[in-house]
Amino acid sequence: MATATNKAVPTMRLKTMSWNIAAVNNNPFEYYVTSDDAEYLKLMQSVEQFLSDPGQGDIAVEQVFTGEMWMTLRGRLEQAGVGAEHLPFVDEMWEGDLKQRTIVAGFLKDSGLGAKRLISMPDRVTNTIRVTPASSSPASEPDLACRPTVINMYEGDLGSTEAWFGAWLEFMFNKEFHLAGQSGGATQRAVDLLVPISKAKYPAVSEQEEAASLPLQVLCQAIFDAVMVHTLNTLSSTWQHTKRVLAAALCRNKNARIVEILETSYGDCDVMFLQETAAAFPALLKQTSLAQSFHIIGVDGARRDQNSMVLLSKASFPGGVDSACTGDVCKALPPKLVQVGDLLALEAKHTSGQALMLASFHGDTNGLATIPVLTALTDAAKASQSRPLLVFGLDANAYSIGKPGKQLGADELHAHCGTVGLTSCFGDAVHAGPTTCNARTFLQPQLNKACRSDQVVDKGDTNPKDFVLFSKGGWDCTEVAKDNTGKRGEFLDNTVFPTLDFPSDHAVLFAQLEPTAS
């Protein structure tokens with residue numbers, strides 16, 4: 001196994017930062033948010049209490065999504081040609097099963113529906129549809145077409161199930177969308193985006209349910225959305241205002257806040273490593289003041305919104321990128337281990353004359369791709385004729401306690417770094433505490449993943465996921481700081497984030513590297 005140790009010795013200080021900005025966030029209610037807003041706190045507590053113990057509020061599905069609504073929806077499915085031949089089976093499911101279930105214990109919290117993906121699968125493709133923006137500017141992000149539901153940024157009236165149902169039918173069956181990134185002029189309806197549920201992939205689905213999975217998904221999605229609208233209107237008269245405040249801070253104004261944090265708190269960095277950025281984010285940054293001070297490098301041809309980036313200080317790296325290395329690194333990896341956009345690697349020459357290999361990476365959920373990528377990067381640095389030193393900013397998706405072969409532990413990552421000539425910004429310590437502290441609420445389609453508000457820190461995602469790694473023996477990390485406020489070095493322990501002021505579920509990690517003293 002190659003090591004990343006080179007004979008070259010750095011002579012320059014390097015200020016770096018790494019931040020997973022988590023671009024994809026369509027549901028402002030999905031994660032708990034640290035907030036002083038009394039209405040928000042009251043709403044989330046009420047929802048949690050109701051869904052934990054609904055009592056007499058756990059009424060039959062047909063009292064919320066009525067038989068008349070089903071007949072209207074059935075007619076739309078038949079007219080649209082969506083599994084029309086299977087509608088008699090769906091009728092049986094409605095009459096003999098679904099309408100008789102209670103809305104909480106029998107429907108929202110039913111593990112069988114979750115195992116069959118009859119709610120989460122259609123939500124994944126219709127929750128928020130990214131459509132071609134009206135503007136032709138490269139910096140224009142796709143417009144967002146939102147299904148009328150509680151769990152996205154839909155701005156229309158959801159004050160009653162009657163108001164919701166008309167808008168929902170219009171969205172699913174009548175509106176035509178030109179999908180972002182799609183060539184040609186063809187459009188699609190939301191219902192056309194649904195995909196069948198395979199029994200081979202989800203064994204809980206029966207053969208009949210597999211055959212009828214398209215219309216069955218539509219019915220289950222409609223029931224879910226109706227129950228959510230009913231629940232929030234029962235619990236709160238101000239929930240729609242609360243949702244708009246959250247959506248503005250966490251979703252609609254998120255990019256502006258991210259840019260503000262980069263400019264004001266990290267504008268003096270030599271290198272910024274960013275992960276999970278939107279496809280349009282590089283073009284957006286080029287329209288900000290950051291473009292005057294930094295070379296802005298994104299992944300070529302990126303279409304999805306989970307891409308790694310590197311920003312190079314023009315003062316420290318006047319020549320910008322010397323060579324792109326992503327392709328060569330990926331060739332050394334098993335096929336499909338990483339997706340396009342997860343990794344960005346390049347070589348650049350510092351004003352000191354030292355060549356550097358710089359990489360930004362976002363690991364898979366369990367961190368299983370992190371060590372193979374790390375090995376491939378160190379091999380590439382070893383093989384390069386320019387003898388670069390390696391600096392690597394990443395969301396490793398490491399965990400405080402790993403599971404061998406199933407989940408990357410921070411100790412496993414730390415040990416591997418030592419075998420390939422790297423060290424971490426945390427030095428000999430495995431990590432310096434969590435860089436995430438978040439948990440799902442009860443307002444999202446997978447209630448099995450919901451966490452009680454008093455258990456967020458203990459049972460939520462509170463893990464050491466983010467690191468700056470670098471070639472060992474030439475630098476010392478003289479300053480390392482976490483930030484979950486937007487202010488460098490200011491980290492609030494045991495605080496859930498994102499917050500209304502900090503728009504990501506990952507902390508910013510700052511690391512200053514100094515040449516090792518003789």
Side-chain angles (χ1 to χ4, degrees), residues 3-20 261-275 290 292-297 308-325 343-361 374 377-378 380-382 384 386-396 417 420-429 432 435 466-483 488-489 507-518:
T3 71
T5 303
N6 283 280
K7 293 181 180 179
V9 177
T11 59
M12 71 293 192
R13 169 192 296 173
L14 207 63
K15 292 184 178 181
T16 71
M17 64 87 78
S18 186
W19 190 16
N20 181 333
I261 291 171
L262 294 177
E263 289 176 334
T264 59
S265 294
Y266 300 95
D268 64 335
C269 283
D270 300 292
V271 186
M272 297 189 196
F273 302 102
L274 303 178
Q275 299 89 36
L290 289 167
Q292 299 173 20
S293 304
F294 289 87
H295 302 286
I296 296 168
I297 305 110
S308 295
M309 291 182 61
V310 173
L311 275 63
L312 295 178
S313 165
K314 291 181 178 179
S316 302
F317 300 90
V321 177
D322 278 355
S323 61
C325 309
L343 174 69
L344 177 65
L346 58 91
E347 284 194 32
K349 183 170 289 187
H350 190 268
T351 50
S352 65
Q354 174 62 52
L356 298 177
M357 180 173 286
L358 304 166
S360 182
F361 176 65
L374 185 56
L377 277 169
T378 54
K382 179 72 174 179
S384 175
S386 61
R387 300 167 61 230
L389 296 169
L390 178 61
V391 185
F392 188 17
L394 71 159
D395 165 15
C417 285
V420 293
L422 296 179
T423 189
S424 146
C425 57
F426 303 117
D428 291 333
T435 58
D466 302 275
F467 298 82
V468 173
L469 308 175
F470 54 93
S471 297
K472 191 174 185 178
W475 277 303
D476 292 322
C477 184
T478 57
E479 182 183 352
V480 60
K482 298 185 295 184
D483 157 17
R488 188 154 99 197
V508 187
L509 187 61
F510 172 82
Q512 179 169 292
L513 311 183
E514 300 267 7
T516 300
S518 301

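Sequential numbering from 1 along the given sequence is applied to the chain's residues. The structure displayed is predicted, hence computed values, not measured ones.
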Measuring from atom CD of Glu514 to atom OG1 of Thr516, what distance do you get when rounded to the nearest 0.5 angstrom?
10.0 Å
Side-chain contact, heavy-atom cut-off 4.5 Å: Met12 with Leu356?
yes
Establish, yes or no, whether a centroid distance under 6.0 Å links the rings of His295 and Phe317.
no
Do the side chains of Arg488 and Asp268 get close enough for a salt bridge, i.e. N-O under 4.0 angstrom?
yes
Taking C-beta and beyond as the side chain, do Phe273 and Leu394 meet within less than 4.5 Å on heavy atoms?
no
Test item: Phe294 and Lys314 side chains (from C-beta on) under 4.5 Å apart, heavy atoms:
no
Contact between Leu390 and Ser471 at the side-chain level, heavy atoms closer than 4.5 Å - yes or no?
yes
Within this structure, what is the CD1-CG distance for the pair Ile261 and Asp483, rounded to the nearest 0.5 Å?
6.5 Å
For the pair Ser316 (side chain) and His350 (backbone), establish whether a donor and an acceptor sit closer than 3.5 Å, ignoring hydrogens and angles.
no
What is the minimum heavy-atom distance between Gly489 and Ala481, and which atoms define it?
CA-CB, 3.7 Å
Gap between atom CG of Leu469 and atom CG of Leu422 - 0.5 Å precision
6.0 Å
Note: Leu343 and Ser308 closest approach over all heavy atoms is N-OG, 4.2 Å
Side-chain contact, heavy-atom cut-off 4.5 Å: Leu389 with Trp475?
yes
Indicate yes or no: at least one non-hydrogen side-chain atom of Gln354 is less than 4.5 angstrom from one of Lys349.
no
Please report the closest heavy-atom contact between Ala315 and Pro318, naming both atoms and the distance.
O-CD, 4.0 Å
After noting the C-alpha distance and the side-chain angles of Leu290 and Glu263, does the key distance pass the side-chain contact (heavy atoms from CB on, under 4.5 Å) rule?
CA-CA 7 Å; Leu290 289 167; Glu263 289 176 334; 3.7 Å; yes
Separation between CG of Leu311 and CG of Leu358, rounded to the nearest 0.5 Å
11.5 Å
Under 3.5 Å donor-acceptor, Thr378 side chain and Leu374 backbone
yes
Applying side-chain hydrogen bond (donor to acceptor under 3.5 Å, both in side chains), run through Ser360 and Gln275 and close with a yes or a no.
CA-CA 7 Å; Ser360 182; Gln275 299 89 36; 3.0 Å; yes
Reported CG-to-CG distance for the pair Leu14 and Leu513, which is rounded to 0.5 angstrom:
5.5 Å
Determine whether the aromatic ring centres of residues Phe467 and Phe426 are separated by less than 6.0 angstrom.
yes
Is it the case that the side chain of Thr16 and the backbone of Ala511 share a donor-acceptor pair, with hydrogens and angles ignored and the cut-off at 3.5 Å?
yes
By side-chain contact (heavy atoms from CB on, under 4.5 Å), Ser323 pairs with (sequence neighbours left out) Cys325, Glu347
Output the distance between atom CG (Leu262) and atom CE (Met17), rounded to the nearest 0.5 Å.
5.0 Å
Less than 4.5 Å apart, any side-chain heavy atom of Val310 and any of Ile296?
no
Please name the pair of heavy atoms, one in Cys269 and one in Ser313, separated by the smallest distance, quoted to 0.1 Å.
O-CB, 3.7 Å
Just by distance, do the side chain of Ser18 and the backbone of Leu509 share a donor-acceptor pair under 3.5 Å?
no
Pair Lys482-Phe510, side-chain contact (heavy atoms from CB on, under 4.5 Å): steps then yes or no:
CA-CA 6 Å; Lys482 298 185 295 184; Phe510 172 82; over 6 Å; no
For residues Leu274 and Asn20, determine if any side-chain heavy atom of one lies less than 4.5 Å from a side-chain heavy atom of the other.
no
Ser424: partners by side-chain hydrogen bond (donor to acceptor under 3.5 Å, both in side chains), with sequence neighbours left out:
none
Identify the two heavy atoms, one from Gly320 and one from Ala348, that lie closest to each other, and give their separation to 0.1 Å.
O-CB, 3.4 Å
